[in-house]
Participant: 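My structure is below; once you've seen it, I'll send some questions.
Model, not experiment: these values are computed from the prediction. Every heavy atom of this structure was used, including side-chain atoms; hydrogens, water molecules and symmetry mates were not.
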Amino acid sequence: MVSEKYDPKGIEGKWQQLWAEQNVFKATEDSPKPKYFCLCMFPYPSGNIHMGHMRNYSIGDLISRYKRMKGFNVLQPIGWDSFGLPAENAAIQRSVHPRDWTLQNIAQMKVELKSMGIGYDWDREVTTCLPEYYRWEQMLFTKFFEKGLAYKKRGQVNWCPKCETVLANEQVQEGACWRCDSPVVVKDLSQWYLKITAYADQLLSGHQQLEKSWPQRVLDMQKHWIGESQGGRIQFQVEGSQEKIEIFTTRPDTLFGVTFVTLAAAHPLAQKLCKTPDALKHLEQIKVAVALRRPDEEIKEKKGFFTGSYAIHPLTGAKVPVWVGDFVVMEYGTGAVMAVPAHDQRDFEFAQTYQLPIKTVIVPNKDEGGAQPMKEAYTGSGFLTESGSFNGQDNETAKTNILKELESKKLGIKTIQYRLRDWGVSRQRFWGAPIPIVYCESCGTVPVPEKDLPVELPMDVTFSGKQGNPLEQHPTFSKTQCPKCQKTARRETDTMDTFVESSWYYARYTDPHCSTGPFAKAKADYWLPVDYYVGGVEHACMHLLYSRFFHKILRDWGFLKGDEPFSRLLTQGMVIKDGAKMSKSKGNVVTPGSILDRFGADTARLFSLFAAPPEKDLDWNEKGVEGCHRFLQRVWRLFYQHQSLLAEAQVAEKEITFSDKCLALRRKTHWMIQKMTEDIESEKFNVAISAAMELVNELYGALTDHDKFFSTPDGKWTLQEAVHSLLLCLAPFAPHMMEELWHEMGNKTFVTCADWPKFRADLLTESKFTLVVQVNGKVRERIEVAKGITKEDVQKLVLGMDKIKPFMEGKTLKQFVYVPERIANVVVV
RNA sequence: GCCUGGAUGGCGGAACUGGUAGACGCGUUGGACUCAAAAUCCAAUUCUCGCAAGGGAGUGAGAGUUCGAUUCUCUCUCCAGGCACCA
């Protein structure tokens, strides 16, 4: 018997335990059902789960449970993205080992997560900071190295003085560290890079198969991030020298408009080409200014100077001066540009400042001169002029033709330039996967052989918070032998960016305890790709790009098949409070713990899904939570009041004659099933829930006639069908309570494992419909009409209506519109 | 500046391929139950004129297409996110 009061605490723990005991969520590869891999972005174990996690996992669990009921073999795993800075900061502040701090947080969060009743296969838990995980990452790194896809280069990097770590460009936000907000400075370090640029084209073309199942904005952001530009590389011979300046341009059609060439200050030739002591002085000044420039700094005026050298125009042979400009970026293209002030706004501004010649070579219309003098560069399309044999060609054709000409003279080549840069993975931190490399004086850079992996993090370390990486300070860690020649050698002390761990964890879930490789191919091939991936949109350009890169790498190395890791992506919005992001500094943090305590997991989950569509921000509103709790209580009470009826055996449907009122209720039941199925499929979870609420409202409404409404045979049948369907449809949203009521209804199996209900189309159809009558597009009347009525009959009916006649007086009928079973519009003038 | 999205009651949000704008929830108001309160149940709730019947306006602003536009087209305003001397 169900108690009168809905007591979530009493039932939630019970069902969580029963699910666990009976391995309801254990996923195996031997099922006859089709597989479904549902994944939420795994959490960083900061200590407590927050509302964002709860929302994320409520969505993932809804999908997982729904798909399970739909007959899929569902895998929903969880793990911990457990390397990272906060653990190290905690180590500095509290003198604990990052490992202990992290594992303790994991234990704590696990308890919280379990109390939410998410259907995880806990046997597949993956913890990235443990050697059994990162040893495979180290193995993969050595493969990157051997294949030439991991390399070292010196370069200027963003350095956070507080975190004492290198930050990726994307980790610098408005000149400040994305984690601690300290201002970022530039530092010169030797770093490890992964050659993601080698996959730029594939990362871009791979979007084709994601076009329909990933949010457009994520695809757009990635596209922008990769930044493909079609163009060419063109060589300018330096006058009186063997040196060549190679430039990249997207506008080879403007080649004849080149009046000078501009180099970045850091360009390798810049120093050599400076002919005067004055120029060298200028070069130093600009170098320093560019290095000190903050990433977000706005540049008002372009600065530069003439080197004193000249370059030879590849087609005209003209002498053009070589300048250095602070607006030319060394990291993009070749670090040198051909300047066409007439058709590039930056070159135009530069030319104005230093009074350099401007030569128009593209005009909007044939036989027309360029505007003189110009106010700004003309960057539109048009026809070539002053361009030798290319005169008169439209500029798009000329792009191809000019490059062809250059190619035939071996002075240029058609290329594609990407904005994407290689991924710097070195971190001067302790709490990360050590990069498995040894530096030997005779053998050079040597990867640690697989038999010697993992390179484990030592336990005996001290954290001062100063002078960078504790691994460097460690007495023995860096002292090792060369794997090749056994001589004394130095071990790499940099660890890997934590994004490396999260780039392949989804594949590890398919075989989390594999000790012979990152995972067995057969298992990965069975489960992958991830069918449904849920997480924050903030990972659009980093994690989601790196994972796609790794997937393609792993495919090319034969570890798995398939081109893309995540078939479908849902980017969920943030949880905010009173219009602002929840944060400790604002003091508006509501923790899931307090909500779980007061209302239970089912209410918390239901609210997370009901309050907003998943992709939008969700404003946390206590009253709204109460509303969801009230709804669950309403379901409970409905059940409680009729529990003896509901527990009775159901008679055959054909033995019952249903009253009109019961038929209407049955229609609502099947409408709900249809609506919920469609809305879940189309990710409109908030609307799905409202359908269940509508059914409950109608059931209560039936009771207002008389409280024994459901006692008649047809009433009882109708109620049983409605409640049965309701429990099934709500099971993915509020699983504990539905499990309890399902059990009380006399079912011996889990509702979690039941089949998703099917709606009966024959019960949804009605013989009548509401005809909306409009006059000149304004609603004037509504009337119940039998379906199948002809247009003629409708017109007769409508024109004879008392409500309609007055609108027609003194006017003539111009048109009569009838949309079958919807609307009639009388058009009069 | 460029690229994406958005803009609907007091609030969160619904609305099929152009066809009843405001589902569902919150809040508010009224009623029932109660000695009373809470809880619960019922009803009303876009604004506006009206005792009412009924009328008028209404989906950021302005135009257009249409019998009919939240939905399609154009222009503009504002908001959010992303990118930015990228050649």
Participant: Determine which nucleotide pairs with B:C24, using a 3.5 Å limit on both distances of a Watson-Crick or G-U wobble pair.
Facilitator: B:G12
Participant: Counting side-chain heavy atoms from CB outward, which of B:A15, B:U4, B:C67 is closest to A:Lys684?
Facilitator: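 Looking only at side-chain atoms, A:Lys684 lies closest to B:A15.
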Participant: For a side chain to side chain donor-acceptor pair (under 3.5 Å) with A:Thr603, tell me which candidate from A:Arg630, A:Gln633, A:Glu626, A:His629 qualifies.
Facilitator: A:His629
Participant: Using purine N1 to pyrimidine N3 plus N6-O4 or O6-N4 for Watson-Crick, or N1-O2 and O6-N3 for G-U wobble, both under 3.5 Å, which nucleotide pairs with B:U71?
Facilitator: none
Participant: Look at A:Arg780 and B:G56 and indicate whether a side-chain polar atom (N or O) is within less than 4.0 Å of OP1 or OP2.
Facilitator: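 Looking at the OP1 and OP2 atoms of B:G56, one of them is under 4.0 Å from a side-chain N or O of A:Arg780.
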Participant: Considering every strand and a 4.0 Å limit on heavy-atom distances, what is the contact class for A:Asn825: base, sugar-phosphate, or nothing?
Facilitator: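 Here A:Asn825 touches the bases of the nucleic acid.
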Participant: Under a 3.5 Å cut-off for both contacts, is B:G30 paired Watson-Crick or G-U wobble with anything, and if yes, with which nucleotide?
Facilitator: B:C42
Participant: Between A:Ala336 and A:Gly777, who's closer to the 5' end of RNA chain B by nearest nucleotide?
Facilitator: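 Taking each residue's closest nucleotide, the earlier one in sequence belongs to A:Gly777.
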Participant: Between B:G60 and B:A14, how far apart are the P atoms? Round to whole Å, please.
Facilitator: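 Going atom to atom, P in each nucleotide, I get 14 Å.
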Participant: Cation-pi between A:Arg605 and A:Phe733: NZ/CZ under 6.0 Å from ring centre and within 45° of the ring axis?
Facilitator: no
Participant: Just checking A:Val340: base, sugar-phosphate only, or nothing, at a heavy-atom cut-off of under 4.0 Å?
Facilitator: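 Since no nucleic acid heavy atom lies under 4.0 Å of A:Val340, the category is nothing.
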Participant: Would you mind telling me which residue lines up with the more 5' stretch of RNA chain B, A:Gln815 or A:Lys675, judged by nearest nucleotide?
Facilitator: A:Lys675
Participant: Report all side-chain donor-acceptor pairs from residues 249-259 of chain A shorter than 3.5 Å, counting only partners two or more places apart or in another chain.
Facilitator:
residue  : atom : partner  : partner atom : Å
A:Thr249 : OG1  : A:Arg251 : N            : 2.9
A:Arg251 : NE   : A:Asp253 : OD1          : 3.1
A:Arg251 : NE   : A:Asp253 : OD2          : 3.2
A:Arg251 : NH2  : A:Asp253 : OD2          : 3.0
A:Asp253 : OD2  : A:Asn395 : ND2          : 3.1
A:Thr254 : OG1  : A:Arg251 : O            : 2.8
A:Thr259 : OG1  : A:Pro357 : O            : 2.9

Participant: How about A:Ser725 and A:Met672: do any of their side-chain heavy atoms sit closer than 4.5 Å?
Facilitator: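 Side-chain contact under 4.5 Å: yes.
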Participant: B:A14 phosphate, OP1 or OP2: any side-chain N/O from A:Asn686 under 4.0 angstrom?
Facilitator: yes
Participant: Starting at CD1 of A:Ile804 and ending at P of B:C67, how long is that distance when rounded to a whole Å?
Facilitator: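 Answer to the nearest Å: 19 Å.
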Participant: Can you check the distance between B:U28 and B:A39, where both ends of the measurement are the P atom (answer in whole Å)?
Facilitator: 11 Å
Participant: Taking atom P of B:G82 as reference, at what distance in whole Å does atom CE of A:Met574 sit?
Facilitator: 10 Å
Participant: From CG of A:Asp679 over to P of B:A15, roughly how many Å is that when rounded to an integer?
Facilitator: 8 Å
Participant: Can you check the distance between B:G13 and B:A7, where both ends of the measurement are the P atom (answer in whole Å)?
Facilitator: 10 Å
Participant: Please tell me which of the listed nucleotides, B:U40, B:C67, B:G82, lies nearest to the side chain of A:Met221?
Facilitator: B:G82
Participant: Determine all donor-acceptor pairs shorter than 3.5 Å in which one atom belongs to a side chain in residues 806-827 of chain A; sequence neighbours excluded.
Facilitator:
residue  : atom : partner  : partner atom : Å
A:Tyr818 : OH   : A:Glu821 : N            : 3.2
A:Asn825 : OD1  : A:Asn776 : N            : 3.3
A:Asn825 : OD1  : A:Gly777 : N            : 3.0

Participant: Can you name the residues that form a side chain to side chain contact (heavy atoms under 4.5 Å, CB included) with A:Asp326, not counting sequence neighbours?
Facilitator: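 A:Asp326: side chain to side chain contact (heavy atoms under 4.5 Å, CB included) contacts with A:Ile286, A:Val290, A:Arg293, A:Lys302, A:Lys303.
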Participant: Establish, with yes or no, whether the OP1 or OP2 oxygen of B:C86 is under 4.0 angstrom from a side-chain nitrogen or oxygen of A:Thr250.
Facilitator: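 No, no such contact exists.
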Participant: Between B:U77 and B:U29, how far apart are the two P atoms, rounded to whole Å?
Facilitator: 42 Å
Participant: At less than 4.0 Å, is any side-chain N or O atom of A:Arg637 found next to OP1 or OP2 of B:C41? Yes or no.
Facilitator: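 Affirmative; the distance criterion is met.
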Participant: Once you apply a heavy-atom cut-off of 4.0 Å, does A:Lys616 come out as touching a base, just sugar-phosphate, or nothing?
Facilitator: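 Sugar-phosphate only.
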Participant: Using the side chain to side chain contact (heavy atoms under 4.5 Å, CB included) criterion, which residues pair with A:Ala351? Sequence neighbours excluded.
Facilitator: A:Phe260, A:Pro341, A:Leu356, A:Ile358
Participant: A:Arg598: which residues meet the side-chain hydrogen bond (donor to acceptor under 3.5 Å, both in side chains) condition with it, sequence neighbours left out?
Facilitator: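 If we apply the side-chain hydrogen bond (donor to acceptor under 3.5 Å, both in side chains) test to A:Arg598, skipping adjacent residues, the hits are A:Glu622.
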Participant: B:A39, OP1 or OP2 - any side-chain N/O from A:Lys5 closer than 4.0 Å?
Facilitator: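 Checking A:Lys5 against B:A39: no side-chain N or O falls below 4.0 Å of OP1 or OP2.
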Participant: Syn if the chi torsion is within 90° of 0, anti otherwise; quick check, which is B:G9?
Facilitator: syn
Participant: Indicate yes or no: does A:Glu766 engage A:Lys787 in a salt bridge with an N to O separation below 4.0 Å.
Facilitator: no
Participant: If pairing requires Watson-Crick or G-U wobble contacts with both distances under 3.5 Å, which nucleotide is the partner of B:G1?
Facilitator: B:C83
Participant: Between the protein and nucleotides 24-28 of chain B, list every N/O to N/O distance that falls short of 3.5 Å.
Facilitator:
residue : atom : partner  : partner atom : Å
B:G25   : OP1  : A:Asn697 : ND2          : 3.2
B:C26   : OP1  : A:Arg630 : NE           : 3.2
B:C26   : OP1  : A:Arg630 : NH2          : 2.8
B:G27   : OP2  : A:Arg630 : NH2          : 3.4

Participant: Can you measure A:Ile416 atom CD1 to B:A87 atom C1' for me and round it to whole angstrom units?
Facilitator: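 The distance from CD1 of A:Ile416 to C1' of B:A87 comes to 16 Å, rounded to the nearest Å.
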Participant: With a 4.0 Å limit, can you tell me whether A:Arg822 has a side-chain N or O closer than that to the phosphate oxygens OP1/OP2 of B:G68?
Facilitator: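 For B:G68, neither OP1 nor OP2 has a side-chain N or O of A:Arg822 closer than 4.0 Å.
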Participant: In whole angstrom, give me the gap between the P atoms of B:A15 and B:G31.
Facilitator: 36 Å
Participant: Take atom C1' in B:A87 and the same atom in B:U71, then report the distance between them in whole Å.
Facilitator: 42 Å
Participant: Heavy atoms under 4.0 Å, any strand shown: does A:Val827 hit a base, just sugar-phosphate, or nothing?
Facilitator: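 Counting heavy atoms under 4.0 Å across all strands, the contact made by A:Val827 is with sugar-phosphate only.
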Participant: How far does the P atom of B:U59 sit from the matching atom of B:G64, given to the nearest Å?
Facilitator: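 Looking at atom P only, B:U59 and B:G64 are 15 Å apart.
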Participant: Without decimals, in angstroms, what is the distance between A:Ile823 CD1 and B:G18 P?
Facilitator: 15 Å
Participant: For A:Asn776 and B:U66, what is the distance between atoms CG and C1' respectively, to the nearest whole Å?
Facilitator: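 Nearest whole value for this atom pair: 13 Å.
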Participant: With both distances under 3.5 angstrom, what nucleotide forms a Watson-Crick or G-U wobble pair with B:U77?
Facilitator: B:A7
Participant: Given the C1' atoms of B:G1 and B:C49, what is the spacing between them in whole Å?
Facilitator: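 Looking at atom C1' only, B:G1 and B:C49 are 49 Å apart.
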Participant: Remember a base hit wins even if backbone is also touched, and classify A:Gln345 as base, sugar-phosphate or nothing at under 4.0 Å, heavy atoms.
Facilitator: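 No contact.
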Participant: Has A:Lys778 got a side-chain N or O lying under 4.0 Å from the OP1 or OP2 atom of B:G68?
Facilitator: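 For A:Lys778, the contact criterion (side-chain N or O under 4.0 Å from OP1 or OP2 of B:G68) is not met.
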Participant: Take A:Arg780 and A:Gln774 through the side-chain contact (heavy atoms from CB on, under 4.5 Å) test and state the conclusion after the steps.
Facilitator: CA-CA 5 Å; A:Arg780 296 300 176 185; A:Gln774 299 180 332; over 6 Å; no
